[in-house]
Amino acid sequence: MRRILVLKGGGVRGILQLSALEILEKHYNKKICEIFDLIVGTSVGSITGGILATGRYDMAKYYDLFVRYIPRIFKRRRGLGLFHPIYKRENFYKMWDDLFGEYKPLMKDCKTKFLCTSVDLCDFRTHYFKSWDEKDGTLDLKEAIARSFAAPYYFGPVVDRANKSVYVDGGAGDSNTPLNIAYAESINQGWYRSRVEFTVLGTGVVDYSSTFEKAQNINLYRQMMAFLNPREGGLARIQSTINQISHMEIIAKAESLISFNYYDVEIGPEYSGIDRTEHIQAYKAFGNILAAKVDKDLSEIEDLIPMV
C-alpha cells in the first residue's frame with residue numbers, strides 16, 4: 001500500500017493538524033516520513049509537511065516547537081501594512097535556523113517525497129515544487145516552503161530573479177487543500193496499480209451558509225465581501241476545498257484500490273482567519289477533537305483485522 005498525506009493551509013490554525021499527526025505516529029510506531037510515501041502541503045501545511053519530511057523531528061518534539069515558534073512567526077510589524085507585509089518572513093528563517101542549525105537541507109534531502117504549492121504571479125499558475133524533481137530537488141527546502149506560505153498582505157511575495165518568477169502563497173490559487181495534485185501524482189508515480197490511501201488533515205471549517213431569506217436580500221457590499229471573504233481567502237478557495245473533497249469521495253467509491261480519509265472540525269466564525277494567535281489554546285482543543293476522529297478510525301481498522 002502507498003500512503004499519501006495532504007496538509008491544508010491555514011496559518012496559526014495549522015495547530016489543528018498536530019495532535020492527529022501524533023496519533024498516526026503512535027499507531028504505526030514510526031515517524032511521519034516513514035508512514036507516508038508522499039507528503040503534500042500548502043502554506044502552513046508545507047511548513048509542517050516539509051519539516052516532518054526531513055525526518056529530523058518526531059511529532060512529540062515538533063508539536064512543542066510549533067506552538068512555541070508560531071507566535072513569533074506571526075509577530076506583527078509596526079504600522080498598518082499599507083506599504084509592506086504585516087509580518088516578517090525572517091521570523092520563519094530564524095525558526096528554521098534554530099531547528100536545523102548548520103544543516104541546510106535541499107528538497108532532495110527529504111526522507112520521503114515532499115511536494116508544496118505556490119502561485120507564480122508572472123503566469124498566474126500554481127507551481128508544484130517536488131523533492132524528487134531534478135530541478136526542484138536542488139532548491140533549498142527552506143526557500144521552497146517560504147514560497148508556499150507567501151500570503152499577500154501577511155508575508156508578501158518571494159521574488160526569484162534568476163528564474164523571473166514572483167511567488168505567493170499556494171493557497172492563493174485552488175490548492176489550499178492540494179488534494180487534486182496529490183491524486184495526479186499518485187498516477188504519475190504509477191501507484192494506481194496498487195492500493196493508495198489518501199489522508200487529508202484540515203485546519204478548521206467555518207460554516208458561512210445563510211438562510212434563503214437573508215441571501216435573497218443581500219446588498220452589494222455584502223455580496224462583494226462574501227466573494228472576497230478575506231479571513232478564509234475568498235469564496236473560490238472555500239469552494240475548491242469542498243469540490244476536491246467531494247470529487248475524491250466519488251473516486252474512492254468507484255476505485256476499489258483507493259481509500260480516502262478526510263479529517264476536519266467545524267470552528268466558529270470567531271476563530272476564522274490565519275493569524276489569530278490569541279486563539280492558540282482553542283485551536284489545540286479543536287485539534288484534539290480532530291485527533292479523536294483519527295484515533296477512532298484507526299482503532300476500528302484494527303478491530304477489522306483478524307487475530308492470527
Side-chain angles (χ1 to χ4, degrees), residues 7 9-15 17-18 32-33 39-59 61-79 81 83-111 114-121 127-131 135-172 176 203 274-277 280:
L7 297 173
V12 178
R13 283 155 53 184
I15 290 173
Q17 300 166 337
L18 304 186
I32 293 299
C33 66
I39 299 173
V40 183
T42 292
S43 201
V44 71
S46 73
I47 295 177
T48 292
I51 291 174
L52 296 181
T54 68
R56 188 92 168 184
Y57 294 96
D58 61 22
M59 274 311 304
K61 181 67 174 177
Y62 179 71
Y63 190 115
D64 291 340
L65 290 169
F66 186 97
V67 173
R68 185 194 316 165
Y69 278 103
I70 202 70
R72 304 180 196 180
I73 293 176
F74 284 93
K75 183 178 180 181
R76 189 162 186 150
R77 294 174 183 257
R78 293 183 178 180
F83 304 105
H84 54 66
I86 62 174
Y87 301 115
K88 296 180 180 179
R89 187 173 293 107
E90 289 74 18
N91 292 334
F92 165 74
Y93 291 150
K94 177 62 167 60
M95 178 197 81
W96 189 272
D97 291 341
D98 287 351
L99 264 59
F100 289 94
E102 295 299 317
Y103 180 50
K104 309 294 182 184
L106 304 178
M107 286 282 283
K108 65 181 180 182
D109 295 324
C110 291
K111 303 302 182 184
F114 170 66
L115 182 155
C116 61
T117 71
S118 183
V119 175
D120 186 352
L121 290 183
H127 185 89
Y128 305 106
F129 294 99
K130 305 174 184 179
S131 64
K135 180 180 179 181
D136 293 344
T138 62
L139 183 65
D140 189 320
L141 178 60
K142 174 180 67 178
E143 292 303 321
I145 293 172
R147 295 175 184 185
S148 188
F149 77 86
Y153 178 71
Y154 294 100
F155 293 99
V158 173
V159 179
D160 180 1
R161 290 184 172 81
N163 295 294
K164 298 187 182 305
S165 295
V166 179
Y167 292 106
V168 294
D169 196 290
N176 194 53
T203 53
I274 71 168
D275 60 346
R276 309 291 294 279
T277 54
I280 283 178

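Along the sequence shown, residues are numbered consecutively beginning with 1. Everything quoted here is computed from the prediction, not taken from an experiment. Note that these values count all heavy atoms, side chains included, but never hydrogens, waters or copies made by symmetry.
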Roughly how far apart are T277 OG1 and R76 CZ, rounded to 0.5 Å?
10.5 Å
Which heavy-atom pair separates Y128 from D136 by the least distance, and what is that distance?
O-OD2, 3.5 Å
Pairwise distance NE2(H127) to OG(S165) - rounded to 0.5 angstrom:
8.5 Å
Counting C-beta onward and ignoring hydrogens, is there a side-chain heavy-atom pair between L52 and C33 closer than 4.5 Å?
no
Indicate yes or no for a side-chain donor-acceptor contact from T54 to the backbone of I51 under 3.5 Å, with no hydrogens or angles considered.
yes
Over all heavy atoms of both residues, which pair between G171 and T42 is shortest? Give the atoms and the distance, please.
N-CG2, 3.3 Å
With a 4.5 Å cut-off on side-chain heavy atoms, are D109 and K104 touching?
no
So, Y167 versus F149, ring centres under 6.0 angstrom or not?
no
Can you tell me how far apart NZ (K135) and CZ (F129) are? Round to the nearest 0.5 Å.
8.5 Å
No-hydrogen, no-angle side-chain donor-acceptor test under 3.5 Å, Y154 and D169
no
Quick check: does any side chain N or O of D58 sit under 3.5 Å from a backbone N or O of K61, one acting as donor and the other as acceptor?
yes
Ignoring hydrogens and angles, tell me if any N or O in the side chain of S131 forms a donor-acceptor pair with the backbone of K108 under 3.5 Å.
no
Quick check: does any side chain N or O of T203 sit under 3.5 Å from a backbone N or O of G9, one acting as donor and the other as acceptor?
yes
Which heavy atom of Y103 sits nearest to which heavy atom of P105, and what is that distance?
O-CD, 3.3 Å
Are R72 and K94 close enough that some pair of their side-chain heavy atoms sits under 4.5 Å apart?
no
In this structure, is the centre-to-centre distance between the rings of F66 and Y57 below 6.0 Å?
no
Do the side chain of S148 and the main chain of S118 share a donor and acceptor less than 3.5 angstrom apart?
no
Euclidean distance, L115 CG relative to M107 CE, rounded to 0.5 Å:
7.0 Å
D140 side-chain N/O to L106 backbone N/O, donor-acceptor pair under 3.5 Å
no
Measure from NZ or CZ of R89 to the centre of the six-membered ring of F92 and say whether it is under 6.0 Å with the direction within 45° of the ring axis.
no
So CG of L139 and CG of D160: to nearest 0.5 Å the spacing works out to 8.0 Å
Are the side chains of M59 and I32 in contact, using a 4.5 Å heavy-atom criterion?
yes
Classify the ring geometry of Y87 against F155: parallel below 30°, tilted from 30° to 60°, perpendicular beyond 60°.
tilted
Would you give the length of the straight line joining atom CG of D275 to atom NZ of K75, rounded to the nearest 0.5 angstrom?
15.5 Å
Exercise: identify the closest heavy-atom pair between G50 and I145
CA-CD1, 3.9 Å
Closest heavy-atom pair and its distance - A150, V158:
CB-CG2, 4.1 Å
How far apart are the closest heavy atoms of M95 and I73, and which atoms are they?
SD-CD1, 3.8 Å
